[in-house]
Each structure stands twice: as structure tokens, then as C-alpha cells.
Protein chains: 2
Amino acid sequence: MTKATETGRGRLRATKARRRGATTPRGAAPSASAADPATAASLKLWITLARAYQSVAELARIDIGRHGLSVGEFAVLEALHSKGEMLLGDVQRKVLVSSGGITFLMNRLVKRGLVERRACAADGRARYAALTSKGAALMRSIFPGHARAIRSAMSGLSVAEQKTVTKALRRLGFAAAALAAGHPTCREGIGGD
Amino acid sequence: MTKATETGRGRLRATKARRRGATTPRGAAPSASAADPATAASLKLWITLARAYQSVAELARIDIGRHGLSVGEFAVLEALHSKGEMLLGDVQRKVLVSSGGITFLMNRLVKRGLVERRACAADGRARYAALTSKGAALMRSIFPGHARAIRSAMSGLSVAEQKTVTKALRRLGFAAAALAAGHPTCREGIGGD
DNA sequence: AATGAATACCTTAGTACTGAGATTGTAAAC
DNA sequence: GTTTACAATCTCAGTACTAAGGTATTCATT
């Protein structure tokens, strides 16, 4: 454990959950109403961003759930699918869960025979995560359909618009992540990409 | 985000960048790689949308947590703050939680004296949720600060850009929600706004 | 070597939810 | 005035996580 637990009093966790096998979207749906126009525009954007995310996430969840996977499980499989063998810590950072969370997800996937842990010769503390041949076959069979599902989820915008929005959201995300990084309520070891 | 630890055998420890803090709450970080350009653009947008949402949500979570509230609790308070007394089912749909979830959140808030349940004269099955005076005072005191936090979270974009992105995301969200609605895996009674 | 700090992962307890079904109440059709 | 259907909320068991702490291992100093 790094960090010195300087949170004074409050226990307050604010977690979010996801369910296995295609379940629900999530959410804290924000709302708006502010005095000055700039703040109003930001609040409105926040609502819209949250709703858009949740709608797309719901579609992704449905699609992934069809194959009996949770979103977190799929994220791990996909990371390993696209990058090959990875250290658990790297998978954790890519998938954005806590250290306990990656252990949990790995255990489930190992139990189903989709991934395996491999020793790391260079560092005895570390483990690699890798797809088994069964896991690799699964990803090859479901990834193209998933990509099509995402594409149709984004069909409200033209490809050119998608590129424009992507650029803007990237700047927005970086700025927000930089702000969050400066704040006290830090978490285990999760970073952006 | 600590990212050294190369896969190769010579694991130099190269002291990476110092802890970047907390970037994101949770979530399934998607990734990309597709054959045709349209699908690739959609996957890329999905990643970026998810990261941007998660970064802003993390900031919101930090800000809300400062006052000892979870995101779900704040969402309920805010709904009642902006719309006044509401039927529980309406709060549920606005906040996007399950029926069990709204009961859970209400119980917590009632226990803290921030909201109360009121009978509905017209329909004996239904209950209203409403802020107590303590809850209303709390919201008056923390909402402006929260709005400022959201505004600064969005500071990566100019106000004009925010409006453009809002419009695009609204279309995207509607299209995705319409698609999700047509799918089999629906939920209890949650609709868009 | 021996020590100490830092790291990678795992374990455990706790949390904020979900989903199915029970309960109570309303509305419609007989 | 019963059924019959259906709606709003609550109950409860289960789930996917988080945070904090633990263990083994490595690196840097001594």
C-alpha cells in the first residue's frame, strides 16, 4: 500500500457496479441549472456526456452479455487480445479497476479457462496474464461482431463528425484527468492512458 | 501512471513518473483495432468517450464525496432540489437505478434526515420523495460549488466548443438509446429523460 | 550479507448496487 | 362485487466491485 491514508473522517465510498451477463447501465444522472451561461453550458454538457456514455455502454453491455461475459471480463480479454501477454499490473491500469478487482476478474476468467497466469522469469513478484487458446478463439469469434455493435451505437454521427467529437473529447478528458490527478482523494494505482 | 516495467528481461526500474493520482473511478476501458475506417473511427470515439466520461465522473465523485455523499445519493438530492417533490418511480427513472436501488438510496437519505417519504393521496401505492428543510439547506450550500467543479472539469473546451459537442453527443445518445431500447435485454422501468 | 524501502499481487471485509419476487394498492372487465 | 390484470414500492439474496492490509520479492544502501 502506498500512500498514507490521510482521509480524516468520512467513510464514503462511491462505487459503481456492473452485473454479469448483460445487465444494466449505471448511473448518476446529473442535471442542470446555473446562474452564469458558462456554468450552464458545462452542466448541460455533463448531462449529455453522461447520458451518451450510458446509452453506448448499455449497448456494449448487451452485446457483451450475449456471450456470457461481464464488461470487465471483456475488457481484460480484449486487452490481452490486442496486446498479447501482459503483466497483471498493466492489465489493471488498462482496464481501470483496483488491484483487488483485477485479481477478481482474472480468477473468474481462469476458472472458465479463457486466460491463464504465467510466471515472470525476470521478476518473481509479477505474473503475466495471457489468453488461452480457448480465450483467443473466443475473442476472434466475438470481437468483429462487437466492433459492429459499437459502430452502430455511434451511427447517430457521421464518420467526420465522430472524428471531430473524438478530438474534442480527448482534450476534455485530458484536462479533466489532470484536474483529478491534483486532488486529494486518490486511489490505488490507476492512471489514464 | 507508473508504466515502466518493460516486458523484456532486463527489468530496469527506471523510476517512472510519480503517482499521477486518481484518474478514473471504475470502468471498462475499451480499446480499438478494426479493419474498415468507419468501424475504427467508432471504436476510437468509444474509447475517448468512455475515458472523458470517467475522468469527469471521477472529479464529480471527489467533489461530492467531500460532503459525505455518494454519487447516487447526490443524484437523488439534486433531482429533488431541481424539481421538488417527486414520485419515487420518477426519481428512479431520473437517477437511473433499479427499483431496489432507489429504495436503498432513499433509506440512506431518510436515515440522515435529508429527505422524507410522503403519502400520495391520489394513489395509495405511490410515495413522494421530498427534501427536508435540512436537505434543502444542504443542497443550497453545496450545489454552487459542485457546479463550479463541473465547469472546471469541462475547462478543456471553450464554451462554444462545449455547445457544439453537446449537440453532437445528444444526437449520438439518442441514436444509441433508441438502439438499446430495441434490444431484448431491457430493464425494469428505466427510460431516458 | 543485512537492512529498508518499494513493488506486484492476493486476501478480506465492506459497499453500493442489481434482479426477482413479495406486498399492497388501483383499475377494468366481468 | 368479484376476479383479473397491472402498477408502485419494498425485501432479500447475490454480485462486482473498492480499500486497506498482508505476503513475497526485488532494488538500493550499507
Side-chain angles (χ1 to χ4, degrees), chain A residues 1-5 7 11-28 61 65 69-73 75-76 86-93 95-108 117 119-129 185-190, chain B residues 2 4-5 11-16 18-19 22 24-28 61 65 69-73 75-76 86-93 95-108 110 117 119-129 185-190:
Chain A
M1 205 39 199
T2 29
K3 139 203 198 130
T5 316
T7 1
R11 90 275 163 47
L12 168 272
R13 232 100 281 171
T15 313
K16 274 125 158 245
R18 212 170 296 109
R19 246 195 70 46
R20 139 200 182 125
T23 337
T24 79
R26 276 264 39 177
R61 202 177 351 258
L69 294 167
S70 76
V71 174
E73 288 165 348
V76 171
M86 293 172 79
L87 290 173
L88 279 179
D90 291 334
V91 180
Q92 182 202 329
R93 280 178 285 276
V95 171
L96 299 178
V97 294
S98 65
S99 68
I102 195 63
T103 299
F104 172 81
L105 290 172
M106 283 295 295
N107 285 344
R108 291 190 55 134
R117 288 181 169 92
C120 173
D123 187 337
R125 299 166 298 181
R127 309 278 145 82
Y128 287 110
T185 315
C186 294
R187 313 215 312 162
E188 250 176 89
I190 295 182
Chain B
T2 41
T5 325
R11 87 280 67 165
L12 40 112
R13 180 138 262 121
T15 105
K16 41 317 212 41
R18 203 38 268 169
R19 121 157 301 98
T24 86
R26 50 125 270 142
R61 197 181 68 89
L69 293 168
S70 75
V71 174
E73 288 165 348
V76 171
M86 293 173 79
L87 290 174
L88 279 180
D90 292 335
V91 180
Q92 182 202 329
R93 278 178 284 277
V95 171
L96 298 177
V97 294
S98 65
S99 66
I102 195 61
T103 299
F104 173 81
L105 290 172
M106 283 295 295
N107 285 343
R108 291 190 56 135
V110 167
R117 288 180 170 93
C120 172
D123 187 338
R125 298 166 297 182
R127 311 277 146 81
Y128 286 110
T185 316
C186 294
R187 313 215 301 162
E188 247 174 272
I190 295 180

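The structure presented is a predicted model; accordingly, all values stated were derived computationally and were not measured. First the proteins, then the strands, lettered A, B, ... as listed; each starts at 1. Just so you know, these numbers use all the heavy atoms, side chains as well, and skip hydrogens, waters and symmetry mates.
In this structure, the CZ atom of Arg117(A) is 10 Å from the P atom of dC9(C), given to the nearest Å. Taking atom CG of residue Asn107(A) and atom C1' of nucleotide dT11(C), one finds them 10 Å apart after rounding to whole Å. One atom, CD1 of Ile102(A), and another, P of dT18(D), lie 10 Å apart when rounded to the nearest Å. Whole-Å rounding puts the Phe104(A) CZ to dG14(D) P distance at 15 Å. Whole-Å rounding puts the Gln92(B) CD to dA7(D) P distance at 14 Å. In this entry the distance linking CG of Leu87(A) with P of dT26(D) reads 13 Å, nearest Å. Straight-line distance from the CZ atom of Arg108(A) to the C1' atom of dC17(D): 11 Å, rounded to whole Å. One can place CG of Leu69(A) at 12 Å from P of dA16(D), the figure rounded to the nearest angstrom.
Side-chain contact between Leu88(A) and Tyr128(A) is absent, with no heavy-atom pair separated by less than 4.5 Å.
Residue Leu105(B) is in sugar-phosphate contact alone, with no base atom involved, counting any heavy-atom pair closer than 4.0 Å across all strands shown. Using a 4.0 Å heavy-atom distance criterion, Gly124(A) is classed as a sugar-phosphate-only contact.
Proximity of Arg127(B) to the phosphate of dA8(D): no side-chain N or O atom is located under 4.0 Å from OP1 or OP2. In terms of phosphate contacts, Arg125(A) brings no side-chain nitrogen or oxygen within less than 4.0 Å of OP1 or OP2 of dC10(C).
The minimum heavy-atom distance between Gln92(A) and Ser98(A), with the atom names listed, is NE2-C, 3.7 Å.
The structure places OG1 of Thr103(B) at 10.0 Å from CZ of Arg127(B), a figure rounded to the nearest 0.5 Å.
For Arg125(B), the salt bridge (charged side-chain N to carboxylate O under 4.0 Å, His left out) test picks out Asp123(B), with sequence neighbours left out.
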Exercise for review: Output, in order, the C-alpha distance, side-chain angles, deciding distance and verdict of side chain to side chain contact (heavy atoms under 4.5 Å, CB included) for Val76(B) and Met86(B).
Suggested key: CA-CA 10 Å; Val76(B) 171; Met86(B) 293 173 79; over 6 Å; no
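The side chain of Leu88(A) lies closest to dC9(C) when the candidates are dC10(D), dT26(D), dC9(C). Relative to the side chain of Thr103(A), the nucleotides dT9(D), dC10(C), dC17(C) differ in distance, and dC10(C) lies closest. In the set dC10(C), dT18(D), dG21(C), the nucleotide with an atom closest to the side chain of Ser98(A) is dT18(D).
A residue-by-residue look at Gly101(A) and Ala126(A) shows that Ala126(A) has its nearest nucleotide of DNA chain C further toward the 5' end.
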